[in-house]
Amino acid sequence: MAATLLLLPIVTNAQSADKQIQKIRDFYNTVQEQVKIGYNTENPIGTAVIDHVATYSAVGYIKGKTEVYTYLYDGEDTDDELFNTQQVVMIRENFERGPWQQYREYLYDPDTMEPIFCYFHDMNPDTGEFEDHRFYFSKGKLLKALPASSAPKAKSALNIANEMKAYGRSIFESSPLDLE
């Protein structure tokens with residue numbers, strides 16, 4: 001009986017984490033559908049696409065693309081500093097150099113602007129094999145890493161996601177939306 005009572009909080013926390021992860025997955029799927037549809041009056045998702053090309057004498061060229069997807073913050077308080085600003089909801093990055101490829105996605109909670117999901121498809125420099133890593137977060141804490149062996153990389157993923165959020169926001173802040 002005592003062992004059952006000790007396990008109950010662990011099982012409850014696991015169930016709670018599973019529910020949060022399912023909500024994140026559902027939100028991810030919603031955003032993916034909105035991205036496919038593109039901006040319209042019923043689907044207020046904005047997009048900024050930045051193409052990258054760099055040439056290095058020793059390694060050749062690196063080309064890539066960063067896509068920043070945003071929601072227009074349209075709160076009713078016009079004095080709110082966020083009024084009529086773009087809130088980053090998803091960022092996708094894709095880079096390649098010869099056989100090397102890197103693809104990453106970052107998903108953000110549009111209300112809190114906290115990273116809630118990161119997906120990395122990178123080449124392992126030690127093995128030369130491609131690896132997929134998925135990280136689910138809640139309030140800055142890791143809920144789950146897939147594969148589980150990726151967990152030590154979660155803090156780095158969270159830091160990268162936060163840096164990318166700042167980068168994504170800067171794109172829209174440097175060219176503010178003028179609705180007049």
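These numbers come from a predicted model, not from an experiment.
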Nearest heavy-atom contact between D51 and K65 is OD1-CG, 3.7 Å
Hits for side chain to side chain contact (heavy atoms under 4.5 Å, CB included) against L158, two or more places apart or cross-chain, chain-then-number order -> P115, F137, N162
Shortest non-hydrogen pair, F135 vs S150, comes out as CE2-O, 3.3 Å
Evaluate N159 against E163 for side-chain hydrogen bond (donor to acceptor under 3.5 Å, both in side chains), listing each step before the verdict. CA-CA 6 Å; N159 289 339; E163 289 173 13; over 6 Å; no
So do the side chains of Q87 and M113 get within less than 4.5 Å of each other, counting heavy atoms only? yes
When rounded to the nearest 0.5 Å, the distance separating CD of Q102 from CZ of F120 is 8.0 Å
Rounded to the nearest 0.5 Å, the CD atom of E93 sits from the OH atom of Y106 at a distance of 4.0 Å
#### Entry: Student check: side-chain heavy atoms of F117 and V31 closer than 4.5 Å
no
One should read off an interatomic distance between Y108 OH and M164 CE, to the nearest 0.5 angstrom, of 6.5 Å
Note to self: Could you tell me if Q34 and Y71 have a donor-acceptor pair between their side chains, going purely by distance under 3.5 Å?
What the structure shows: yes
Interatomic distance, CG@D122 vs CZ@R104, rounded to 0.5 Å, equals 4.5 Å
In short, V49 meets T47 closest at the heavy-atom pair CG2-CG2, 3.9 Å
Residues V88 and G168: closest non-hydrogen pair is CG2-C, 3.8 Å
### Task
In sequence, state the C-alpha distance, the side-chain angles, and the governing distance for Q22 and K19, and then conclude on side chain to side chain contact (heavy atoms under 4.5 Å, CB included).
CA-CA 5 Å; Q22 188 56 52; K19 285 180 182 179; 5.7 Å; no
Residue set satisfying ring-ring contact (aromatic ring centres under 6.0 Å, His included) with F130, at least two apart, ordered chain then number -> H121
Checking Y167 against I91 for the side chain to side chain contact (heavy atoms under 4.5 Å, CB included) test, could you report, in this order, the C-alpha distance in whole Å, the side-chain angles of both residues, the deciding distance, and whether it holds?
CA-CA 10 Å; Y167 172 69; I91 298 176; 5.6 Å; no
R134 meets the side-chain hydrogen bond (donor to acceptor under 3.5 Å, both in side chains) criterion, sequence neighbours left out, with none
NE2 (H133) and CG (L146) are apart, to the nearest 0.5 Å, by 11.0 Å
Between I24 and L107, the two heavy atoms sitting closest are O-CD2, 4.0 Å
task: Answer yes or no: is there a side-chain heavy-atom contact under 4.5 Å between E96 and K63?
output: yes
Count the heavy atoms belonging to other residues, nucleotides or ligands that lie under 6.0 Å from NZ of K165, then report whether that count exceeds 12. yes
CE (M90) and CD (Q32) are apart, to the nearest 0.5 Å, by 4.0 Å
Closest non-hydrogen contact found for I45 with V89 is CD1-CG1, 4.1 Å
| field | N29 and E33 side chains, donor-acceptor separation under 3.5 Å | value | no
